[in-house]
Amino acid sequence: MTWVPVAVASVVALAVAAATPAVLRRLPEPRDDPDAAAKTPYAALSTPPFLLVVASLALASGLAAFGATAPSAWLAWASLVGPGALAIAVDGATTWLPRVLTRTMAVVATAGIGVQALADADPSVAARAALGTVAVGGFFYLFWRVTGGIGFGDVRLMAVVGAVTAAHSVQLAVWGVLIGTLLGAAWGVARRILRGPGAFPYGPPLWLGPFVALWLPLG
């Protein structure tokens, strides 16, 4: 890995950590769910340990993404590295994925995929991203609708994951979703054994899947 991906990942991580306190203060609390009353307020998460977690997640994911993809794809992956890292840190602390953050991810991903398609002079990038959004987002929407085993924030997260990974390749999208789902299942089983039944954040392992898949020898 050259110094350029390291530098870009470091800048993104520092920017996300610096913006986190202000973002947390402005995140609207969920009001349409009775369980929301028991959650930790978003603004209360702004502590040094939490900021360190956000910066570490952004740095590690940035190194993984920017070190394994072409610069033309970096803005698209920044949707998962930047607002994505903050979103899953919040999910890990509260079991809630704020809509503002997943929408921000979607906006950054859309812009990044457009840049990638233009820079690569390859319209199929945008076509694959659209397919990934519909296929992955639709699959998790059906899972949410039928089983209720995940939150709708996870559906929005995975629509972005589907777009970004499919813009790279359909193979990466499939493996990213599969690995994230398996990690989530393993985490759910382990948590149930250790803590008993109850809600747990499914977003972090789903978010992690694509970064693991990027470094697999998929051929």
Side-chain angles (χ1 to χ4, degrees), residues 8-65 75-112 137 140 144 148-161 163-164 180 183-184 187-188 190-191 194-211:
V8 173
S10 300
V11 169
V12 172
L14 289 172
V16 172
T20 291
V23 172
L24 291 175
R25 286 195 300 269
R26 289 168 174 78
L27 281 180
E29 296 288 342
R31 305 295 184 189
D32 55 353
D33 192 314
D35 295 333
K39 69 173 283 296
T40 302
Y42 294 133
L45 297 175
S46 187
T47 63
F50 184 82
L51 297 181
L52 180 60
V53 167
V54 172
S56 299
L57 290 171
L59 179 60
S61 61
L63 292 173
L75 181 58
W77 281 92
S79 63
L80 300 177
V81 172
L86 176 55
I88 63 100
V90 171
D91 189 26
T94 67
T95 72
W96 291 78
L97 267 171
R99 183 179 304 174
V100 170
L101 294 179
T102 53
R103 284 181 174 174
T104 302
M105 292 170 62
V107 170
V108 175
T110 300
F140 279 87
W144 167 78
I150 59 174
F152 197 74
D154 297 316
V155 178
R156 294 192 294 265
L157 168 68
M158 292 310 292
V160 177
V161 167
V164 173
L183 289 174
W187 167 241
R191 192 187 184 285
L194 294 173
R195 297 189 180 182
F200 71 95
Y202 200 37
L206 291 176
W207 170 86
L208 180 59
F211 298 105

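- Shown here for Ala55 and Ala13, the closest heavy-atom pair between the two residues is O-CB, 3.6 Å.
- How far CG of Leu52 is from OG1 of Thr47: 9.5 Å, rounded to the nearest 0.5 Å.
- Here the CD1-CG distance, from Ile88 to Leu206, works out to 10.5 Å after rounding to the nearest 0.5 Å.
- One finds the OH atom of Tyr42 at 5.0 Å from the OG1 atom of Thr94 (value rounded to the nearest 0.5 Å).
- For residues 82-92, no residue pair satisfies the side-chain hydrogen bond (donor to acceptor under 3.5 Å, both in side chains) rule, not counting sequence neighbours.
- With sequence neighbours excluded, the residues forming a side-chain contact (heavy atoms from CB on, under 4.5 Å) with Leu208 are Leu183, Val212, listed by chain and number.
- For Val160 against Ser79, the heavy-atom pair with the smallest separation is CG1-OG, 3.9 Å.
- Applying the side-chain hydrogen bond (donor to acceptor under 3.5 Å, both in side chains) rule to Ser61 yields no partners; only residues at least two apart in sequence or on another chain are considered.
- Applying the side-chain contact (heavy atoms from CB on, under 4.5 Å) test to Ala43 and every residue at least two apart in sequence or in another chain returns nothing.
- Taking OH from Tyr202 and CG from Leu157, the interatomic distance works out to 11.0 Å, rounded to the nearest 0.5 Å.
- Residues passing the side-chain contact (heavy atoms from CB on, under 4.5 Å) test with Ala93, sequence neighbours excluded: Leu45, Phe50.
- Taking Phe211 as the reference, Trp77, Trp207 meet the ring-ring contact (aromatic ring centres under 6.0 Å, His included) condition, with sequence neighbours excluded.
- With a 4.5 Å cut-off on side-chain heavy atoms, Leu101 and Val23 count as touching.
- Residues that satisfy the side-chain contact (heavy atoms from CB on, under 4.5 Å) test with Pro83, not counting sequence neighbours, are Thr104, Met105.
- No donor-acceptor pair under 3.5 Å is formed between the side chain of Glu29 and the backbone N or O of Pro41.
- By the 4.5 Å heavy-atom criterion applied to side chains, Val90 and Leu97 are not counted as neighbours.
- Surrounding CH2 of Trp187 are at most 12 heavy atoms belonging to other residues, nucleotides or ligands under 6.0 Å away.
- Listed by first and then second residue, the side-chain hydrogen bond (donor to acceptor under 3.5 Å, both in side chains) pairs involving residues 8-24 amount to none (not counting sequence neighbours).
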